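Scroll down for the structure; my scribbles are underneath it.
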Amino acid sequence: MKTDLTSKIKLDQIPKRYFSPQDEVELATLTQREKVYTKIFETASEGSEYLADAVVKYVNRTLETKNKCFLALDAAKSLDGTYEALIRMYKEKKVNFKDVYVYSICEFLPQPDGGPSTLARLKEVFLDHVNVKQDHIRTFSFSEGTENMYHSCKAYEQYFGAGGAIDLCLCEIGELGNLAFNGPGTPATKTCRVVHLDPEMRKSIAEDYQCENVPSAGVTIGISNILSAKHILTVAWGEHKSKIVQQTVEDMPSANVPASFLQGHPNAVVVVNLPAAEYLTRISHPWKVTSCEWNDKLIRRAIVWLCHKTGKPILKLTDKDFIDNGLAELIALFGSAYNVNIKIFNDLQHTITGWPGGKPNADDTFRPERALPYPKRVIVFSPHPDDDVISMGGTLKRLVDQGHDVHVAYQTSGNIAVGDEDMTRYLLLMDNIASRFGFNTPEFASISVEIHDFLKNKKIGDPDAEDVRYLKTKIRQGEARIACNYIGVKPENVHFLNMPFYETGTIKKGDLSEKDIKVVRDLIESVKPHEIFVAGDLADPHGTHKVCTDAVFAAIDEMKDDDWMKDCKIWMYRGAWAEWEIDHIEMAVPISPEELRVKRNSILKHQSQMENAPFLGNDDRLFWQRAEDRNRATAKLYHDLGLASYEAIEAFVEYHPIRE
């Protein structure tokens, strides 16, 4: 059972010399725009091993020199792999932590019962498994109460001076560029203090700590304390960190991105995996810093970049445009700008199709999807009961209208995303109609009172009662059925998989298991589709999309050698947060103004996910607005490149089962 296949998807085949050059001269050339030493690894696991090895070497060297070592440690989830490797190295007797002192770099304030604690997490994932002495573990004191935290912070800082400063600080670069709890706006001079945790940071913490009750304040060592460490190791994994990594490493230092102050430290190292390095110049635009190993996708990316830079469509680019902007290599490779232009123009033109299931009786030589068989059996997997219409509602409508046998599979109940107010509205309706429709029984009355009492006494962080979860599940299922009916999906083709990993009643979910994969596999085997559509939000804000996609890919992996499966194409769509980069798009489905209105209306059928939805995030736009803006932006991009002008476009990338 392979449960993490999404992490092995490589849309960019990045030559190793870009991220791991063997030659110091080439490294200097590639990193000329990077202002802090940055190590890029193909995977997070490789990076974690490097970090652990670096920590062990530094601890051993420091202990040899002064018989003690002072570490300032973060409890962020992205460091779990590093701590696992350190525990293993300790058990292998490669390092001894007996004379190591550990400082916690941040903590929550206040610390309610059952609430998150950075020190508790650090102990759970690392300290309790090695021989760090209990009296060598130091954290913030709350003994004098929160009203005296100023003095507590000053007292905590005295540890650093008494210990001869911090030898090594190991921490994460947060999604906002924060180090510890030092968020945007923090100057480099700030010391240990109480800080406010903004909603975006709290959301990220809730996901890391798998809890709902995240305090609105914290206490942290300051940027100046972190920079006082003799060595600093920082880490960032994943596509969702890529923009902040670029700002940290390449832009000028700014309080808006506190991690960028690492540029002024002589011994700071930023460790990232390839997805997190996506926007670094040597990965995203290597032609700016070195000679390139050109392939079709990189050429497409370069031409799109050149169009943006010059303000020209593809077919108007000249030899001079290429030469003036560092792309003379392509002129030498193709002979002229025209030859490059026409190739990329045709490549992009061939991604566009109004027939996402294939056009019958048509030449499909240059079409993204095959003409035959027709009609096709299609499964659209939707992580939550609205991702189908949000992400590919126009394409879904096209598939139905063009005669394909379309199935929609909702992988999770989505019940946690139904607000209590929405559920209460339905419960009150049931109370009011119970007499009329004959279910005003003592049993119903008892359950209704119990639910009303539960909601009245419910506290933040309390998991929903079983009956509450059941009602919220039925609300989302009803909305999904109405949306599918509106689009034209047959009722018998609507499937609610209710994957077990999701059904915990809290933000914290279970691990993906064989039971989850079996649910998905059973459906695929029963339909034997010619096309599968699956969420491709590999760095989605909540994590559920990735788990759901991993479940589909795990099921496909088990069936990939079946004869019928060899004739099945798998397309990945993206949700309301971002679209595929144009150099990756392999199928672009135009959406007319009328179809866009249908898509909007189908999204609006999910009433519980409008203004009152708990997980709209920090984007004020509603889901239908995000979807329309994204689809229109994709259409505008195609138009600006000189291709046809459409109202909107939904984009897809093909997934090929991984063979090892």
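From a predicted model like this one, the values you see are computed outputs, not experimental measurements.
Across Ala277 and Val272, no two heavy atoms sit closer than the pair CB-CG2, 3.9 Å. Summarising the geometry of Asn60 relative to Lys94, their closest heavy-atom pair is ND2-O, 3.0 Å, with the distance given to 0.1 Å. Annotation for Leu176 and Pro184: closest pair O-CG, 3.6 Å, computed over non-hydrogen atoms. Annotation for Ser228 and Ala165: closest pair O-CB, 4.5 Å, computed over non-hydrogen atoms. Shown here for Ile556 and Pro657, the closest heavy-atom pair between the two residues is CG2-CG, 3.9 Å.
At a cut-off of 3.5 Å, with distance as the only test, a side-chain donor of Asn182 or Arg193 sits close to an acceptor on the other residue. Side chain to side chain, Glu157 and Asn225 meet the donor-acceptor criterion of an N or O pair below 3.5 Å. With 3.5 Å as the limit, one finds no donor-acceptor pair spanning the side chains of Ser260 and Gln247. At a cut-off of 3.5 Å, with distance as the only test, a side-chain donor of Asn96 or Asn131 sits close to an acceptor on the other residue.
Taking a cutoff of 4.0 Å between a charged side-chain nitrogen and a carboxylate oxygen, Arg300 and Asp296 do not qualify as a salt bridge. Ion pairing between a basic and an acidic side chain is recognised when a charged N comes within 4.0 Å of a carboxylate O; Lys241 and Glu278 show no such pairing. A salt bridge links Lys230 to Asp167: at least one charged side-chain nitrogen sits closer than 4.0 Å to a carboxylate oxygen. Salt bridge present: Asp583 and Arg301 bring a charged side-chain N and a carboxylate O closer than 4.0 Å. Taking 4.0 Å as the cut-off between side-chain N and carboxylate O, Lys560 and Asp557 count as a salt-bridged pair. Under the 4.0 Å criterion applied to side-chain N and carboxylate O atoms, Lys66 and Asp99 are not assigned as salt-bridge partners. Salt bridge annotation for Arg574-Glu239: present, with a cationic side-chain nitrogen under 4.0 angstrom from a carboxylate oxygen.
You'll find the side chain of Phe553 stays beyond 4.5 Å of the side chain of Glu558, heavy atoms only. In this structure, Thr118 and Thr139 have side chains that are not in contact, with every pair of non-hydrogen atoms separated by 4.5 Å or more. Contact of the Thr191 side chain with the Lys154 side chain is registered, since non-hydrogen atoms from C-beta on lie closer than 4.5 Å. For the pair Leu274/Ile40, a side-chain contact is recorded, criterion being any heavy-atom separation below 4.5 Å from C-beta on. Using a 4.5 Å heavy-atom cutoff, the side chains of Ser254 and Asn256 are in contact. Residues Ile223 and Thr189 are not in side-chain contact: their nearest non-hydrogen atoms beyond the backbone lie 4.5 Å or more apart. With a 4.5 Å cut-off on side-chain heavy atoms, Val219 and Cys153 count as touching. Side-chain atoms of Gln411 and Tyr502, non-hydrogen and from C-beta on, never get closer than 4.5 Å to each other.
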(request) May I have the step-by-step check of side chain to side chain contact (heavy atoms under 4.5 Å, CB included) for Lys133 and Tyr101, ending in yes or no? (result) CA-CA 8 Å; Lys133 295 178 181 178; Tyr101 293 74; over 6 Å; no
(request) Carefully, step by step, assess Glu84 and Arg88 under the rule salt bridge (Lys or Arg N to Asp or Glu O under 4.0 Å). (result) CA-CA 6 Å; Glu84 287 176 10; Arg88 188 191 70 243; over 6 Å; no
(request) Applying side chain to side chain contact (heavy atoms under 4.5 Å, CB included), run through Phe261 and Leu227 and close with a yes or a no. (result) CA-CA 8 Å; Phe261 291 125; Leu227 295 178; 4.1 Å; yes
(message) Before you tell me yes or no, could you show the steps for Asn267 and Ile232 under side chain to side chain contact (heavy atoms under 4.5 Å, CB included), namely the whole-Å CA-CA distance, both residues' side-chain angles and the distance that decides it to 0.1 Å?
(response) CA-CA 6 Å; Asn267 296 307; Ile232 304 173; over 6 Å; no
(message) salt bridge (Lys or Arg N to Asp or Glu O under 4.0 Å) for Arg33 and Asp251? Distances and angles first, verdict last.
(response) CA-CA 9 Å; Arg33 300 197 177 197; Asp251 288 355; over 6 Å; no
(request) Determine, step by step, whether Tyr83 and Leu170 satisfy the side chain to side chain contact (heavy atoms under 4.5 Å, CB included) criterion, reporting the C-alpha distance in whole Å, the side-chain angles of both residues, the deciding distance to 0.1 Å, and the verdict. (result) CA-CA 11 Å; Tyr83 291 136; Leu170 176 64; 4.1 Å; yes
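Of the possible polar contacts, one joining the Thr220 side chain to the Ile105 backbone as a donor-acceptor pair under 3.5 Å is found. Under a 3.5 Å cut-off, the side chain of Gln263 and the backbone N or O of Thr248 do form a donor-acceptor pair. The backbone N or O of Glu34 lies less than 3.5 Å from no partner atom in the side chain of Thr31, so there is not a single donor-acceptor pair. Tyr18 contributes a side-chain N or O that, together with a main-chain N or O of Glu293, makes up a donor-acceptor pair within less than 3.5 Å. Judged by distance alone, with hydrogens and angles left aside, the side-chain atoms of Asn178 form no donor-acceptor pair with the main-chain N or O of Phe181 at under 3.5 Å. Within the 3.5 Å criterion, the main-chain N or O of Thr290 finds no donor-acceptor partner in the side chain of Thr29. For Ser291 (side chain) and Trp287 (main-chain N/O), no donor-acceptor pair under 3.5 Å exists by modelled atom type. The closest donor-acceptor contact from the side chain of His285 to the backbone of Trp305 lies at 3.5 Å or more, if one exists at all. A donor-acceptor pair is defined here as one N or O able to donate and one able to accept, closer than 3.5 Å; such a pair exists between the side chain of Glu107 and the backbone of Leu119. Of the possible donor and acceptor atoms, none in the side chain of Glu172 sits under 3.5 Å from a partner among the backbone N and O of Ala180.
Interatomic distance, His196 NE2 to Ser216 OG, rounded to the nearest 0.5 Å: 6.5 Å. The distance from atom CZ of Phe70 to atom SG of Cys169, rounded to the nearest 0.5 Å, is 15.0 Å. Here Asp74 contributes atom CG and Ile173 contributes atom CD1; the two are 11.0 Å apart, rounded to the nearest 0.5 Å. Atom CD of residue Glu49 and atom OG of residue Ser45 lie 7.5 Å apart, to the nearest 0.5 angstrom. For the atom pair CG of Leu179 and SG of Cys171, the computed distance is 5.0 Å after rounding to the nearest 0.5 Å. Considering CD1 of Ile299 and CG of Leu327, their distance stands at 10.5 Å, rounded to 0.5 Å.
Other residues, nucleotides and ligands contribute more than 12 heavy atoms inside 6.0 Å of the CD atom of Glu92.
In this structure, the ring of Phe97 has its center less than 6.0 angstrom from the ring center of Phe126. Aromatic pair His129/Tyr90: ring centres not closer than 6.0 Å.
Between Thr281 and the choices Glu250, Gln246, Lys288, the side chain to side chain donor-acceptor pair (under 3.5 Å) rule is met once, by Glu250.
Ring orientation note: the planes of His384 and His545 are tilted relative to one another, at an angle of 30° to 60°. Relative ring orientation between Tyr573 and Phe652 is described as perpendicular, the plane-to-plane angle rising above 60° on a 0-90° scale split at 30° and 60°.
Evaluation of the side-chain contact (heavy atoms from CB on, under 4.5 Å) rule for Ala555 yields Ile517, Val520, Arg521, Ile524, Met559 as partners, not counting sequence neighbours. By the ring pair (Phe, Tyr, Trp, His ring centres under 6.0 Å) test, Phe19 pairs with no residue at all, sequence neighbours left out.
Sorted by first then second residue, the ring-ring contact (aromatic ring centres under 6.0 Å, His included) pairs that include residues 28-56, not counting sequence neighbours, are Phe41-Tyr50.
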